[in-house]
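Down below is the structure, laid out as structure tokens.
Remember, it's 1-based here, ligands and their atoms both numbered in the order they're listed. The basis for the numbers below is simple: all heavy atoms, side chains too, and nothing from hydrogens, waters or symmetry mates.
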Amino acid sequence: MRFTGYIGEIGQAAAAALIGGDDVVLNLASGEYGKGFGFWAARHCRELLEIEVPYDDAIDSEAVGEMLAARPDIRILSVCHHDTPSGTVNPVREIGALCRERDVLTIVDAVSSFGGMDIHPEDVNADIFVTSPSKCLGGSTGISIVHVSERAWAKIDANPAAPTASVLSLKDWRDAWRSDVLFPFTPSVSEVHALDAAVQNYLDEGPEAVWARHALTARACRAGVRALGLDLWPARDAICADTATTVRVPEGLEDEAIRREARGRYGVVFSAGRGSLMGKLVRIGHMGPVARPIYAVVAVSALGGAIAALGGKADVGAGVEAALAVIDGAG
Ligand SMILES: *Cc1c(COP(=O)(O)O)cnc(C)c1O
């Protein structure tokens, strides 16, 4: 197996702090990020168990319940909420509730959903909840946001393998923050100010309004993509993320050519697939400042225009109309 996922350094820090050498970890893999976390977890645990589903699908919480019942020695569960390269979301609320019943600690990657969807650590029983200012909050890159529950701190403090004297040490960050110990190193002052501004914008607009804006943009985009005559990547509507729309590359076309035409002709940038999904789909992001419903119309037009320019079939007029109808409340 090759390590194809990259989950960011805070995910690595979470795995190193929480997972001890005696722990059995259940990792849930429904995409490249979920799968990638398993590679970090495997470095620290005694045994790594995994539930893996095809990357156009989501984890079934019933299967998680069955696995937890069959293996009462599972101590930690890791799950990615929105597996960004797939554009799919996992039922983290249900999974979190199952874990709490059995006293299993959870690590939740909400990097590409927090701030764009209604997801918070307490609601999903997350013990470590990792997110970022640079995705849905529309802030800058360079720092991470992490929530650690009291239960998780107790486990970290009891874990002799938890790193210290390292930039990846959650303990050092906590201790520096709580005491008069000097900050571990020169802090990223500008990024901290940028995060403060991004959070202030989020609160000023109102979280509910921000989530609704992301949801409407995604709904308009999905309707537009379908009306173009294309297929969404996720197997079902219920698992489509509000913060990204993924589209299957039509037969006979190449994703790289579609992205090149969209960018060259219209200045619209789509993302590629990642790892095993490379070449199979194109991604339209709806995070932060680009999560505006009218941008769904822009994306659908550019996608349709690019495909038509390459000789593919795309009904641009129908796509635009369908996206507008959703925005107008008629779709
Ligand atoms: C972007 C992303 C990450 C990595 O975040 P970085 O800020 O690039 O470290 C991790 N998980 C998911 C689901 C992401 O979308």
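Remark: Lys171 does not engage Asp175 in a salt bridge, criterion side-chain N to carboxylate O under 4.0 Å. Salt-bridge check for Asp57 with Arg236: passed, with a basic side-chain N closer than 4.0 Å to an acidic carboxylate O. Contact check on Asp56 versus Arg248 returns a salt bridge, with a Lys/Arg side-chain nitrogen under 4.0 Å from an Asp/Glu carboxylate oxygen.
Only the backbone of His82 comes within 4.0 Å of ligand 1, counting heavy atoms alone; no side-chain atom from C-beta on gets that close. Contacts between Ser144 and ligand 1 below 4.0 angstrom, taking non-hydrogen atoms only, are absent altogether.
Thr245 OG1 to His286 NE2: the interatomic distance, rounded to the nearest 0.5 Å, is 2.5 Å.
In terms of N/O distances under 3.5 Å, ligand 1 is not approached by Asp83. For a threshold of 3.5 Å applied to N or O pairs, the pair formed by Ser132 and ligand 1 contains no separation below that value.
No single ILVMFWY cluster, assembled from side-chain heavy atoms under 4.5 Å apart, contains both Val124 and Leu105.
Per-residue contacts place Ser112 under 4.0 angstrom from the following atoms of ligand 1 (heavy atoms of the residue considered): 13 (C), 15 (O). For ligand 1, the atoms closer than 4.0 angstrom to any heavy atom of Cys80 are 13 (C). Set against the non-hydrogen atoms of Thr84, the atoms of ligand 1 under 4.0 Å away are 12 (C), 13 (C), 14 (C), 15 (O).
Put simply, part of Lys135 is less than 4.0 Å from ligand 1, judged by heavy atoms.
Below 30°, between 30° and 60°, or above 60°: for Phe114 and Phe129 the angle between ring planes is above 60°, a perpendicular geometry.
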